[in-house]
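The structure presented is a predicted model; accordingly, all values stated were derived computationally and were not measured. In what follows, chains are A, B, ... by sequence order, proteins preceding strands, each numbered from 1.
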Amino acid sequence: MSVQARVPIDAASIQVPRGQVYTIPNRCKGCNFCIQFCPKEVLEFSEAINNKGYHFPVVRKGMEEQCIHCRFCDLICPELAIFTREVEPATAVGASA
Amino acid sequence: MSAGSIVVESHPADTLMRADRLPHILCPGCGIGSVVHTYVDAIAESGIPVNQHVCVSGIGCSGRAAGYVNIDSYHTTHGRAIPFALGIATYRPDLHVTVISGDGDLTAIGGNHFIHAARRSVALLVLCINNFNYGMTGGQAGPTTPLSAMSRTTPHGCWERPFNLPFLAQAIGASYVARWTVLHVRQLRTALLRAMNKQGFRFIEILSPCPTGFGRPNDIGDGLSEMQNYLRRCEVNNEIDLRAVDIDLTQQDSPIYVGDFVDVDRASFRPQVVHRAGA
Ligand code: SF4
Ligand code: SF4
Ligand code: SF4
């Protein structure tokens with residue numbers, strides 16, 4: 001017998017928000033808050049380093065559609081180095097500011 | 001650069017920051033920047049015109065706040081943020097005055113100003129960024145350093161009982177008392193918005209990592225580890241008896257209680273002499 005997960009009755013009418021991540025790499029001090037506390041695990045450290053020698057957050061490969069614009073990374077960043085903007089799902093990737 | 005994040009030059013909150021001074025001087029993993037960021041976000045959301053917000057800060061790392069926000073702001077002398085802010089708030093009740101300072105500045109040398117401003121119900125929102133030590137001057141113990149904690153001046157552990165700030169604030173008459181950590185930015189933002197729209201003396205204690213001054217001597221590690229410590233230990237309890245919200249680091253698993261503890265109505269202090277002066 002398979003167990004069925006309960007589907008919310010309004011699931012069809014609810015649109016999960018989608019976000020586009022923006023960064024200001026040279027402000028980042030690599031504290032890791034945004035990466036570790038993103039509920040969707042969208043972010044990871046860059047391979048590149050910024051002009052102060054820190055790795056900074058980038059969107060993980062394959063996670064480009066996963067940000068839900070919850071703004072947690074934005075609010076928690078002590079350096080104002082990352083934020084998101086809400087986008088329509090269809091125009092998400094590469095949308096400009 | 002990986003696809004998916006777009007590199008830009010400025011942040012939407014930059015209009016409320018003195019962005020030309022960023023990045024700020026605070027250490028990597030320090031929580032003070034997150035508090036200032038949340039504060040300016042709440043200002044933008046508050047519906048109160050930006051030119052009616054005033055930020056006053058004291059000394060130390062938290063005292064830097066006033067220098068980074070792009071509103072009328074004052075960086076005052078040691079322990080004197082509250083009396084300075086009291087003057088503004090009493091004479092100009094149309095202004096929303098917020099004090100942002102550290103545990104050392106507000107509750108050691110500034111301790112008497114703190115209790116008397118609350119006793120009088122002066123219209124101030126006071127944010128105490130509590131990182132359990134004097135960060136800027138090298139990590140000395142202060143009035144909130146928990147029992148047994150290591151610091152530059154307590155190399156064998158601190159054996160002075162620390163202040164329980166929410167209990168103190170409630171006892172001396174604050175109309176709003178909350179405690180959150182820098183990890184709870186969302187709750188902190190909500191608490192700021194609630195407190196900005198109340199009368200009287202409002203107090204929010206914000207526990208914040210100081211990896212440089214406090215984390216290192218106490219083997220907590222970097223700012224992220226201090227945040228994970230909060231994640232593990234914090235318990236939200238809005239109804240708790242505030243006598244029970246001491247922070248004890250000797251019991252690694254004892255809860256750190258956070259929440260919106262007190263919300264009562266108390267009119268703001270308005271001395272007759274100011275009325276007579278026509279202010
Ligand atoms: S907005 Fe939320 S989901 Fe999107 S990257 Fe930031 S923390 Fe993650
Ligand atoms: S929270 Fe900010 S400073 Fe910390 S790693 Fe993320 S972008 Fe960098
Ligand atoms: S010494 Fe502590 S409080 Fe001061 S900037 Fe560094 S981490 Fe922050």
Side-chain angles (χ1 to χ4, degrees), chain A residues 19-39 42-48 50-67 70-87 92-97, chain B residues 1-19 21-42 45 61 68-69 129 181-190 192 208-209 211 221-228 230-231:
Chain A
Q20 169 63 50
V21 176
Y22 294 85
T23 58
I24 309 161
N26 283 336
R27 282 192 189 172
C28 174
K29 290 181 190 158
C31 72
N32 209 346
F33 294 173
C34 59
I35 296 171
Q36 289 301 317
F37 298 122
C38 166
V42 167
L43 305 168
E44 65 180 357
F45 273 128
S46 61
E47 296 201 344
N50 66 14
N51 64 7
K52 292 191 297 287
Y54 295 109
H55 297 284
F56 51 88
V58 290
V59 173
R60 283 166 60 199
K61 233 182 165 38
M63 300 300 277
E64 293 82 357
E65 304 280 328
Q66 300 304 311
C67 170
C70 69
R71 292 197 61 215
F72 199 74
C73 56
D74 174 3
L75 273 182
I76 205 159
C77 175
E79 311 290 331
L80 295 96
I82 186 168
F83 63 96
T84 58
R85 286 214 169 99
E86 187 162 8
V87 286
V93 177
S96 60
Chain B
M1 202 77 39
S2 105
S5 43
I6 297 173
V7 171
V8 287
E9 294 294 314
S10 65
H11 189 285
D14 278 2
T15 50
L16 289 167
M17 299 289 295
R18 296 181 210 227
R21 300 192 187 175
L22 297 177
H24 49 59
I25 62 148
L26 308 169
C27 308
C30 174
I32 294 169
S34 307
V35 176
V36 175
H37 185 170
T38 310
Y39 169 62
V40 298
D41 196 272
E45 178 75 22
C61 298
Y68 291 117
V69 293
I129 305 179
T181 79
V182 166
L183 181 67
H184 297 84
V185 268
R186 221 183 279 291
Q187 293 90 333
L188 173 61
R189 183 177 181 276
T190 309
L192 283 165
S208 167
D222 61 8
L224 179 66
S225 314
E226 225 173 310
M227 294 285 256
Q228 279 160 341
Y230 295 146
L231 182 63

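- Closest of all the heavy-atom pairs between A:Glu79 and B:Leu26 is OE2-O, 4.4 Å.
- Nearest heavy-atom pair across B:Gly29 and A:Cys31 is N-CB, 3.6 Å.
- In this structure, chain A has no heavy atom under 4.5 Å from any part of B:Asp222.
- Contact of the A:Phe37 side chain with the B:Leu224 side chain is registered, since non-hydrogen atoms from C-beta on lie closer than 4.5 Å.
- When heavy atoms are compared at a cutoff of 4.5 Å, B:Leu22 approaches chain A solely by way of its side chain, counted from C-beta outward.
- Within the 4.5 Å cutoff, side-chain heavy atoms of B:Val8 are placed close to those of A:Phe83.
- The backbone N or O of A:Asp74 sits nowhere less than 3.5 Å from a side-chain atom of B:His11 that would complete a donor-acceptor pair.
- For chain B, no part of A:Cys28 is nearby; none of its heavy atoms comes within less than 4.5 Å.
- Residue B:Leu188: no heavy atom, backbone or side chain, is found under 4.5 Å from chain A.
- Options B:Gly223, B:Pro12, B:Pro209, B:Pro211 differ in how many heavy-atom pairs under 4.5 Å they form with chain A, and the most are formed by B:Pro12.
- Counting only distance, with no hydrogens or angles, the side chain of A:Lys61 and the backbone of B:Gly4 share no donor-acceptor pair below 3.5 Å.
- Here B:Met227 is the residue among B:Met227, B:Arg189, B:Met17 with the most heavy-atom pairs under 4.5 Å with chain A.
- For B:Ser34 (side chain) and A:Ile76 (main-chain N/O), a donor-acceptor pair under 3.5 Å exists by modelled atom type.
- Your options are B:Leu231, B:Asp41, B:Val182, and the one with the most heavy-atom pairs under 4.5 Å with chain A is B:Asp41.
- Taking each heavy atom of B:Leu183 and A:Phe72 in turn, the nearest pair found is O-CZ, 3.3 Å.
- Closest heavy-atom contact between B:Ile25 and A:Lys29: C-NZ, 4.2 Å.
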Criterion side chain to side chain contact (heavy atoms under 4.5 Å, CB included) on B:Ser5 and A:Glu64, from CA distance to verdict: CA-CA 8 Å; B:Ser5 43; A:Glu64 293 82 357; over 6 Å; no
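- Looking only at heavy-atom pairs under 4.5 Å with chain B, the residue among A:Val42, A:Leu75, A:Asn26 that has the most is A:Leu75.
- With a threshold of 4.5 angstrom between heavy atoms, A:Ile82 approaches chain B through N, CA, C or O but not through any side-chain atom.
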Side chain to side chain contact (heavy atoms under 4.5 Å, CB included) between A:Leu80 and B:Asp14, intermediate numbers included: CA-CA 8 Å; A:Leu80 295 96; B:Asp14 278 2; 4.3 Å; yes
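- Taking both residues in full, the closest heavy atoms of A:Arg27 and B:Ala19 are given as NH2-CB, 4.1 Å, listed atom of the first, atom of the second, then distance.
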